[in-house]
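Beneath this line is the structure, given in structure tokens, with notes to follow.
By convention in this document, chain letters (A, B, ...) are assigned in the order of the sequence lines, proteins followed by strands, and residues within each chain are numbered from 1.
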Protein chains: 2
Amino acid sequence: MTEVIVPDIVISRLPWYLQTLNQMAKEGLHTVSSKTLSKRLGTTAAQIRKDLSYFGGFGKQGTGYSIYYLIEQLQKILNLDQVWQVAVVGAGDLGRALTHYQGFAIRGIEIVMLFDIDPKLVGTQVGSVVVRHVDSMEAEIRDKGIKIAILTVPAQVAQITADRLVDAGIEAILNYAPITLILPASVHVQHIDPVLHLQRMMYYLGEE
Amino acid sequence: MTEVIVPDIVISRLPWYLQTLNQMAKEGLHTVSSKTLSKRLGTTAAQIRKDLSYFGGFGKQGTGYSIYYLIEQLQKILNLDQVWQVAVVGAGDLGRALTHYQGFAIRGIEIVMLFDIDPKLVGTQVGSVVVRHVDSMEAEIRDKGIKIAILTVPAQVAQITADRLVDAGIEAILNYAPITLILPASVHVQHIDPVLHLQRMMYYLGEE
DNA sequence: TAGATTGTTAATCGATTAACAATC
DNA sequence: TAGATTGTTAATCGATTAACAATC
């Protein structure tokens, strides 16, 4: 009891810390202080220390953090000490590009299925997977016990498709369709829309 | 004077409101209350009203907001009442998929240039643009007065490429490379990394 | 030892929510 | 008119920052 719930905003920063720590490890560094890391990330040392303190004390006074150890701990916290299998739904340009994406494999994400409704696409090879028809989507996802899906279908069918994914046992959806999905609170949803990011910046670019 | 600076977190929500308002307009709706809109977005009515109030009063007591009028006003606020020309740097799978992406054109974003360093890609057609060599990138961007770039180059060259873009006069970068860019504060940067979003959700998916 | 840096507590800051008078 | 809903102010909540004792 007295379980302290870690704020989601803290969780959202951990993968970002991890990314830079991995980069530093690749550069041959062994230890890092919260101050050095904060400079690299464009945040504050206090915030990094506060965030990490939700999970325990990983550093050493006077010297900072062992990069290897911190990476290991963050991976454990985020459940990254396993390979996660992911289904991609929608084999358009974006779905195919994501299925190819090298950045997944090296970070423990394996795209194991790719679905589409277009008979011309079904059966074609994309990277190491073959496009399957959405008709068998629920059965195959449930059968393999997949928990994570990436949604790259057109906006008009995104909500129905998401509902079907939830029925099939999917618990987390990365949504690339430009609509806000309405789903049970138990399902985790992240929305990626380049247009929203661009429009946010356009505000600051003034009229001219 | 006494210029009230609108918090960036408010700005970041406006494109999201706009997206759903556009959808509602397409569905044939004419007016909407903050309450109805909030249900559709999964936020609160108070927050929508508070956010909009930074820019003036767009609604009518008793009836709510005219969807068309609100769309128009939000577009003006975000500087979307013009077509923005954008350069894509990196003609790999992702860069090409983004250059094709239909969702840009219909929302006032025009991809006018696509650069790569690979001589095999230079000169090939992608949608309506031809891949150009990065050697001429600065000159062409400066020449056309482009202010926004989308960066889809490999991580190792992302920082150098971003520096070159800033030199060329770019003021906003949408970064798809999996690293944190260090750039002058005057340059706006948004980072899109599907892995970070997936890892954030993996935290909640437990071990099993 | 002296210097550096952590983990944590308290202070500050900012964002969200609640409430309601104004009014369509 | 009565009901609905805005725009705004004040109250609450939560996140960030500052400060510092502990200690490597």
Side-chain angles (χ1 to χ4, degrees), chain A residues 2-17 20-21 24 29-74 77 180 185 200 203, chain B residues 2-17 20-21 24 29-74 77 180 185 200 203:
Chain A
T2 337
E3 272 278 316
V4 175
I5 288 170
V6 181
D8 180 61
I9 195 157
V10 171
I11 301 302
S12 76
R13 283 191 292 255
L14 300 185
W16 181 50
Y17 296 166
T20 296
L21 288 165
M24 288 177 151
L29 298 172
H30 293 276
T31 58
V32 69
S33 68
S34 57
K35 194 175 164 192
T36 309
L37 183 56
S38 73
K39 288 239 179 75
R40 185 94 165 229
L41 286 163
T43 181
T44 63
Q47 182 162 83
I48 292 172
R49 294 204 303 278
K50 186 101 213 302
D51 285 355
L52 295 178
S53 76
Y54 280 99
F55 304 95
F58 304 125
K60 217 178 250 171
Q61 285 102 326
T63 44
Y65 302 86
S66 153
I67 292 180
Y68 284 111
Y69 180 68
L70 192 49
I71 287 174
E72 196 178 54
Q73 294 303 309
L74 286 175
I77 292 166
T180 300
R200 175 181 180 176
Y203 171 79
Chain B
T2 337
E3 273 277 317
V4 176
I5 288 170
V6 182
D8 181 60
I9 196 157
V10 172
I11 301 302
S12 76
R13 283 191 291 256
L14 301 184
W16 182 49
Y17 296 166
T20 296
L21 288 165
M24 289 176 149
L29 299 171
H30 292 277
T31 59
V32 69
S33 69
S34 57
K35 195 176 164 191
T36 309
L37 183 57
S38 72
K39 288 239 180 76
R40 185 93 166 229
L41 286 162
T43 181
T44 64
Q47 183 163 81
I48 292 172
R49 293 205 303 279
K50 185 101 218 296
D51 284 354
L52 296 177
S53 77
Y54 279 100
F55 305 96
F58 302 125
K60 217 179 248 170
Q61 284 102 326
T63 44
Y65 302 86
S66 153
I67 291 180
Y68 284 111
Y69 180 67
L70 192 50
I71 287 174
E72 194 177 55
Q73 293 304 308
L74 285 175
I77 291 165
T180 300
R200 175 180 179 177
Y203 171 77

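- The side chain of A/S34 places an N or O atom within less than 4.0 Å of a non-bridging phosphate oxygen (OP1 or OP2) of C/dT6.
- B/T44 has a side-chain polar atom (N or O) that falls below the 4.0 Å cut-off from OP1 or OP2 of C/dT17.
- Separating the OH atom of B/Y69 from the P atom of C/dC24 is a distance of 14 Å, rounded to the nearest angstrom.
- Classified by interplanar angle (parallel below 30°, tilted 30° to 60°, perpendicular above 60°), the ring pair B/H30/B/Y68 is tilted.
- Between A/Y17 and A/L74, some side-chain heavy-atom pair lies under the 4.5 Å cut-off.
- To the nearest angstrom, P of C/dC20 lies 17 Å from CD of B/Q61.
- Distance NZ (B/K50) to P (C/dT16): 9 Å, rounded to an integer number of Å.
- Scanning both residues, A/I67 and A/L21, for their nearest heavy atoms gives CG2-O, 3.6 Å.
- Each of A/P7 and A/R49 has a nearest nucleotide on DNA chain D; the 5'-most of these lies closest to A/P7.
- Residue pairs meeting the salt bridge (charged side-chain N to carboxylate O under 4.0 Å, His left out) criterion with at least one partner in residues 40-63 of chain A, sequence neighbours excluded, are A/R13-A/D51, A/E27-A/R40.
- Where DNA chain D pairs in unbroken runs of 3 or more (Watson-Crick or G-U, both distances under 3.5 Å), the stems are C:3-24 with D:3-24.
- Rounded to a whole Å, the CG atom of B/L70 is 11 Å from the P atom of D/dT6.
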message: What verdict does the side-chain contact (heavy atoms from CB on, under 4.5 Å) test give for B/L37 and B/T43, after you've listed the backbone C-alpha separation in whole Å, the side-chain angles of each residue and the deciding distance to 0.1 Å?
response: CA-CA 8 Å; B/L37 183 57; B/T43 181; over 6 Å; no

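- For C/dC24, the OP1/OP2 oxygens have no side-chain nitrogen or oxygen of B/Y65 closer than 4.0 Å.
- Between B/D51 atom CG and D/dG7 atom P the separation is 12 Å, expressed in whole Å.
- A side-chain contact (heavy atoms from CB on, under 4.5 Å) with A/M24 is found for exactly one of A/V32, A/L70, A/I71, namely A/V32.
- Distances shorter than 4.0 Å separate some side-chain N or O of B/Q47 from OP1 or OP2 on C/dT16.
- When rounded to the nearest whole Å, the span between CG of B/D8 and P of D/dT16 equals 14 Å.
- Between the P atom of C/dT5 and the CG atom of A/L52 lies a distance of 16 Å, rounded to the nearest Å.
- With rounding to whole Å, B/I9 atom CD1 is found 15 Å from D/dG14 atom P.
- The two residues B/L52 and B/F58 come nearest to each other via the heavy atoms O-CE1, 3.8 Å.
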